[in-house]
2 protein chains.
Amino acid sequence: MYSALYNHINKFIDLSTGEQEILASMLKSFSVKKKAFLLTEGQTCRANYFVVKGCLRLYFIDIKGAEQTTQFAIENWWITDLTSFLFQNPSEFYIQAAEATEVIAIEQHHYDEMFLKLPKLERYFRLILQKNHQASQRRIKFLYSQTAEERYRHFNSLFPEFVQRVPQYMLASYLGFTPEFLSKIRAKK
Amino acid sequence: MYSALYNHINKFIDLSTGEQEILASMLKSFSVKKKAFLLTEGQTCRANYFVVKGCLRLYFIDIKGAEQTTQFAIENWWITDLTSFLFQNPSEFYIQAAEATEVIAIEQHHYDEMFLKLPKLERYFRLILQKNHQASQRRIKFLYSQTAEERYRHFNSLFPEFVQRVPQYMLASYLGFTPEFLSKIRAKK
DNA sequence: TTCATTTCTTAAACTACATTAAGTTTTTTG
DNA sequence: CAAAAAACTTAATGTAGTTTAAGAAATGAA
């Protein structure tokens with residue numbers, strides 16, 4: 001049922017079968033159709049989502065009405081609007097499936113309970129959050145260090161398969177420019 | 001000696017006097033003069049730094065030779081180049097004191113040991129990293145949602161005292177524009 | 001308290017990227 | 001598989017922010 005998550009957890013800590021069962025009682029697993037939403041603006045973010053298969057994205061709508069993608073999550077990544085999730089207040093973000101996606105969710109009312117019942121998971125989530133923090137530091141450096149064109153070429157060389165996987169307008173907003181400009185860059189060469 | 005850190009930790013978990021002593025054996029505390037470096041490009045980041053008093057900044061030098069500030073840390077914040085710290089490989093960043101600063105440091109060779117000896121601290125650092133992740137999500141949204149001028153005015157209204165505290169050229173690079181443009185904005189009104 | 005260094009300001013010329021708008025291609029859906 | 005919707009392209013025009021360069025002000029050191 002939740003083996004994708006158990007496998008991931010076991011890369012970082014050892015979770016016994018008994019502990020897996022306790023964890024299972026606090027999880028949900030389900031499919032999300034392409035373009036369906038797990039969160040929309042104004043809603044409270046109910047869960048922290050682990051992607052088993054597929055791709056989710058986190059975005060918001062800016063003042064001009066344009067979608068700004070701030071994060072993607074593919075297989076074995078967690079994604080949520082952390083502030084809305086932790087404090088159960090209204091979100092300014094959307095979480096949408098960029099592809100048909102299978103997720104495992106831990107809802108907020110189980111989140112604290114999980115750490116009480118399975119304190120081992122403190123370590124797992126600390127390590128996951130460290131990876132997230134590394135990713136954020138890399139991301140910020142990336143955004144500050146290059147022009148839009150360089151950012152696209154660099155991203156494309158690092159993750160060519162991912163670039164193929166999502167629509168260009170999502171990628172353009174993730175990289176911080178317009179779809180029109182992305183077209184222009186691609187036409188160049 | 002380390003009371004600023006103990007106080008901070010005790011906001012999140014309960015650490016006994018005995019546990020504080022164990023922790024103390026893995027910490028160092030020292031002063032950093034204004035403009036002095038805790039890390040420079042090419043060096044391996046030795047420690048994770050907790051600011052007791054003062055202000056540190058994390059920055060890198062971009063292709064054009066300009067300093068790009070990616071993070072500030074004031075009282076009660078941790079700062080490090082996480083990738084270089086965790087994997088002990090050469091950093092592309094500098095960590096510099098923006099003011100005379102007192103820090104508490106945990107060096108890499110004590111970091112894993114700390115979690116073995118004091119597993120309670122898994123929770124503390126998980127919660128700290130959650131706060132960091134919230135801050136990153138806010139930061140990215142902020143960078144993507146507004147023009148340079150709006151970013152400055154917004155930041156200035158949120159943290160007026162901090163804006164006074166650091167040189168404008170550091171702030172400009174943190175907000176993603178040039179010092180000249182910041183001057184222009186400020187002259188406007 | 002003076003000299004040197006660092007930081008900040010001003011302004012003109014420039015450019016990377018946005019905007020707008022129309023047309024084309026691809027994907028989705030009944 | 002046809003029609004509609006979504007995604008992508010092209011190109012002209014516009015602009016927010018950069019670059020360069022020089023001078024002014026503030027800060028720090030001796």
Side-chain angles (χ1 to χ4, degrees), chain A residues 32-37 54-55 57 59 61-69 72 94 96-101 142-156 162-189, chain B residues 32-37 54-55 57 59 61-69 72 94 96-101 142-156 162-189:
Chain A
V32 196
K33 285 191 184 150
K34 189 171 176 173
K35 295 195 184 175
F37 291 94
C55 179
R57 66 162 178 148
Y59 72 90
I61 308 276
D62 70 16
I63 315 166
K64 293 171 184 163
E67 294 177 5
Q68 299 290 348
T69 302
F72 287 107
Y94 297 77
Q96 187 190 33
E99 307 171 352
T101 302
F142 180 72
L143 284 171
Y144 278 25
S145 52
Q146 292 160 305
T147 65
E149 179 164 357
E150 288 165 345
R151 290 200 299 277
Y152 169 72
R153 301 216 184 274
H154 186 214
F155 190 85
N156 190 44
F162 184 76
V163 169
Q164 296 310 316
R165 207 170 146 176
V166 298
Q168 287 183 35
Y169 72 91
M170 286 186 196
L171 197 65
S173 74
Y174 180 73
L175 294 175
F177 46 77
T178 59
E180 290 84 356
F181 191 68
L182 179 48
S183 262
K184 207 169 175 177
I185 292 169
R186 286 165 54 98
K188 267 202 193 172
K189 200 198 139 188
Chain B
V32 195
K33 285 191 182 149
K34 187 169 176 174
K35 295 195 184 174
F37 291 93
C55 180
R57 67 163 178 148
Y59 72 91
I61 307 277
D62 70 17
I63 316 168
K64 293 173 186 162
E67 294 178 4
Q68 298 290 347
T69 302
F72 287 108
Y94 297 77
Q96 187 190 33
E99 308 171 350
T101 302
F142 180 69
L143 283 172
Y144 277 31
S145 52
Q146 293 162 304
T147 64
E149 178 164 358
E150 286 164 346
R151 291 201 297 278
Y152 169 72
R153 299 211 185 279
H154 185 213
F155 189 84
N156 190 43
F162 185 76
V163 170
Q164 296 310 316
R165 209 169 143 175
V166 297
Q168 287 184 35
Y169 73 90
M170 288 188 193
L171 196 65
S173 74
Y174 180 74
L175 294 175
F177 46 76
T178 58
E180 291 83 359
F181 191 67
L182 180 48
S183 261
K184 206 169 174 176
I185 292 167
R186 287 165 52 100
K188 266 201 192 174
K189 200 198 140 188

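Residue numbering restarts at 1 for every chain, and letters A, B, ... go by the order of the sequence lines.
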Taking only the side-chain heavy atoms of Q168(B) (C-beta and beyond), determine which of dT9(C), dT9(D), dT7(C) contains the nearest atom. dT9(C)
Just the rounded figure in Å: distance from P of dA11(D) to NZ of K188(A). 14 Å
Between OH of Y169(B) and C1' of dT27(D) the distance, given in whole Å, is 12 Å
Between atom CD in E67(B) and atom P in dT18(D), what is the gap in whole Å? 16 Å
Could you state the interatomic distance from CZ (F155(A)) to OH (Y174(A)), rounded to the nearest 0.5 Å? 5.5 Å
Test your reading of the model: is there a side-chain donor-acceptor pair from R151(A) to the backbone of L175(A), 3.5 Å cut-off? yes
Whole angstroms only, please: what is the CD-P distance between E150(B) and dA16(D)? 11 Å
Taking side chain to side chain contact (heavy atoms under 4.5 Å, CB included) as the definition, give me every residue that meets it alongside A100(B), ordered by chain and number, with sequence neighbours left out. none
Indicate yes or no for a side-chain donor-acceptor contact from Q96(B) to the backbone of R57(B) under 3.5 Å, with no hydrogens or angles considered. no
In 5'-to-3' order, the base (B), backbone-only (S) or no-contact (-) status of each nucleotide in nucleotides 14-30 of chain C, using a 4.0 angstrom heavy-atom cut-off, is ---BBBB-------S--
Do the side chain of S145(A) and the main chain of D62(B) share a donor and acceptor less than 3.5 angstrom apart? no
Backbone N or O of Y59(A) within a donor-acceptor pair of the T69(A) side chain at under 3.5 Å? no
